[in-house]
There are 2 protein chains.
Amino acid sequence: MAQHNIDVQNSFEGVCSLFHNLQSGEKELIRRNFTCSFYRKGEIIYKEGDKPSGLVCLTKGKVKIFKEGVGGRDQIMRMAKPIGFIGYRALFADENYIASAQALEDSVICVIDRTVLLEILKMNAELTLHILRSVATELGFSNNRTVTLTQKHIRGRLAESLIFLRDTYGFEDDGQTIKVYLSREDLANLSNMTTSNAIRTLSAFSEEGVLELDGRRIKVLDVHKLERISDLG
Amino acid sequence: MAQHNIDVQNSFEGVCSLFHNLQSGEKELIRRNFTCSFYRKGEIIYKEGDKPSGLVCLTKGKVKIFKEGVGGRDQIMRMAKPIGFIGYRALFADENYIASAQALEDSVICVIDRTVLLEILKMNAELTLHILRSVATELGFSNNRTVTLTQKHIRGRLAESLIFLRDTYGFEDDGQTIKVYLSREDLANLSNMTTSNAIRTLSAFSEEGVLELDGRRIKVLDVHKLERISDLG
DNA sequence: TCTAAAACATGATTTAAAGCATAATTTGGA
DNA sequence: TCCAAATTATGCTTTAAATCATGTTTTAGA
């Protein structure tokens, strides 16, 4: 942990910047109940069924949130980037986690103690209302996702995932390479298809000149065409 | 409207009972900004893209919430029963509706003015936290739904829908007939399949002795078998 | 550096579900 | 009451996607 040189103070300020209308006393309370830890690429941060111990925040790295599906097939529900919260749904619903979180790169994870946070929310209605708004917005995404994952065809689903990854992580300096490097399996689990079909469809996009592939590096050559494929289903 | 004899006072009390920790001043504020209206079976209560004017509550009847899908195929997202809120996601996210609401039977709909409600929430953190919990719980349902709708096979999806309808509306006095009468098309749109397949699969369940069908009347003869079909996918 | 395992790639086959056609039944207005 | 439209029902065909098979490449650990 310590040997990875986590800048706790910096992480703390980053996390606090996500809260609106945080009073100085509340901030101090959080500081005293704030822990950070390091996760190596591939490590599990929490598992489906675990009980949330607090509000989890990713301050460095990338994390996937996934649910184990019917035939052992995973479904990636969310991709997290810094600085952002994860696992808050279970915390606020007062339930155990219904999905697992795994580091896709070396990551820094901070936790605000559950009890302390809920005490603050009970006193700060404006802050709670902001969080309510975020969760409501995410529920909207989730509902949209349900429809597209069930109704779009394979090409549309994969195209949508690629656009989603670009929106989430952006491009590298070349302005074309998506700034995340997923396995074909993860790409498939994000798009509700088998790994074979993810590979096949990526190859097709490459042959059509929409993408350029180099291992896990995905360069978007024709954004408009990709968007058209996504929209048509 | 009036000729349908809406008991506004009774509706008002019912709606207020859904709020936790509501102060008497707040209750009075709601009363003065509370309207009720009657919707005949089949009437649209709000449409995708409309702007929420307030918090909508169903105090009598049944309502389906659905999104228009890719090929004009609808996806039913939620089934509402009295007394319960609908359309609150858009309100709290400060967005337009992303789904439409339609009365499945003659229904009474009450609305609490948007501004008044938000003012109350800004002052009442405990109430806001309760709502946050509800929305977080629903986000969990939505995430589960995404996985089952995408990964279960047709029989599993339909069986799950029937169990969901039983959980939502319960049984008639005979303890077997599901207390909601949907068209095959609605049943299909709830279960992410074509109408043909809903009809076919219902017939199959009937032949297997799991259900007894009489028009839109669905009698569950073998709950355990139905649950087994749902669980196996 | 070598080797085993994992990931990637591509083609062939199977299958679940959609689509299409036709007909019977029910429903809701004129 | 009658008729047109909508809904329900069933069989057949097509198709999108999963599954299976095989081979290649890459990666990570001994």
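Below, read A as the first sequence line, B as the second, and so on, with proteins coming before strands; counting in each chain starts at 1.
- Exactly one of A:Thr194, A:Asn192, A:Thr195, A:Asn189 qualifies for a side-chain hydrogen bond (donor to acceptor under 3.5 Å, both in side chains) with A:Arg73. That residue is A:Asn192.
- Computed from coordinates, the B:Arg157 CZ to C:dA18 C1' distance equals 11 Å when rounded to whole Å.
- Atom C1' of nucleotide D:dT15 and atom CD1 of A:Ile154 are separated by 12 Å, given to the nearest angstrom.
- Separating the CD1 atom of B:Ile199 from the P atom of C:dA21 is a distance of 17 Å, rounded to the nearest angstrom.
- Nucleotide C:dA6 holds its P atom 19 Å from the CZ atom of A:Arg184, rounded to whole Å.
- Along DNA chain C, the nucleotide closest to A:His153 and the one closest to A:Arg200 are compared, and the more 5′ of them pairs with A:Arg200.
- Ring geometry, A:Phe85 versus A:Tyr88: the interplanar angle exceeds 60°, so the pair is classed perpendicular (tilted spans 30 to 60°).
- Taking the ring axis of B:Tyr169 as reference, the NZ or CZ atom of B:Lys62 stays within 45° of it and closer than 6.0 Å to the ring centre.
- At the phosphate of C:dT10, OP1 or OP2 sits under 4.0 Å from a side-chain N or O atom of A:Ser203.
- Atom CG of A:Asn197 is separated from atom C1' of C:dG11 by 13 Å (rounded to the nearest Å).
- Here A:Thr194 reaches the OP1 or OP2 of D:dA18: one of its side-chain N or O atoms lies under 4.0 Å away.
- Using the six-membered ring where Trp is involved, B:Phe12 and B:Phe34 have ring planes that are perpendicular, over 60° apart on the 30 and 60° scheme.
- A straight line from CG of A:Leu158 to P of D:dA18 spans 12 Å, rounded to a whole angstrom.
- Contact check, A:Arg216 against C:dC8: a side-chain N or O comes under 4.0 Å of OP1 or OP2.
- B:Leu232 places its CG atom 14 Å from the P atom of C:dA16, with the value rounded to the nearest Å.
- Rounding to whole angstrom units, NZ of residue B:Lys41 and P of C:dG29 are separated by 10 Å.
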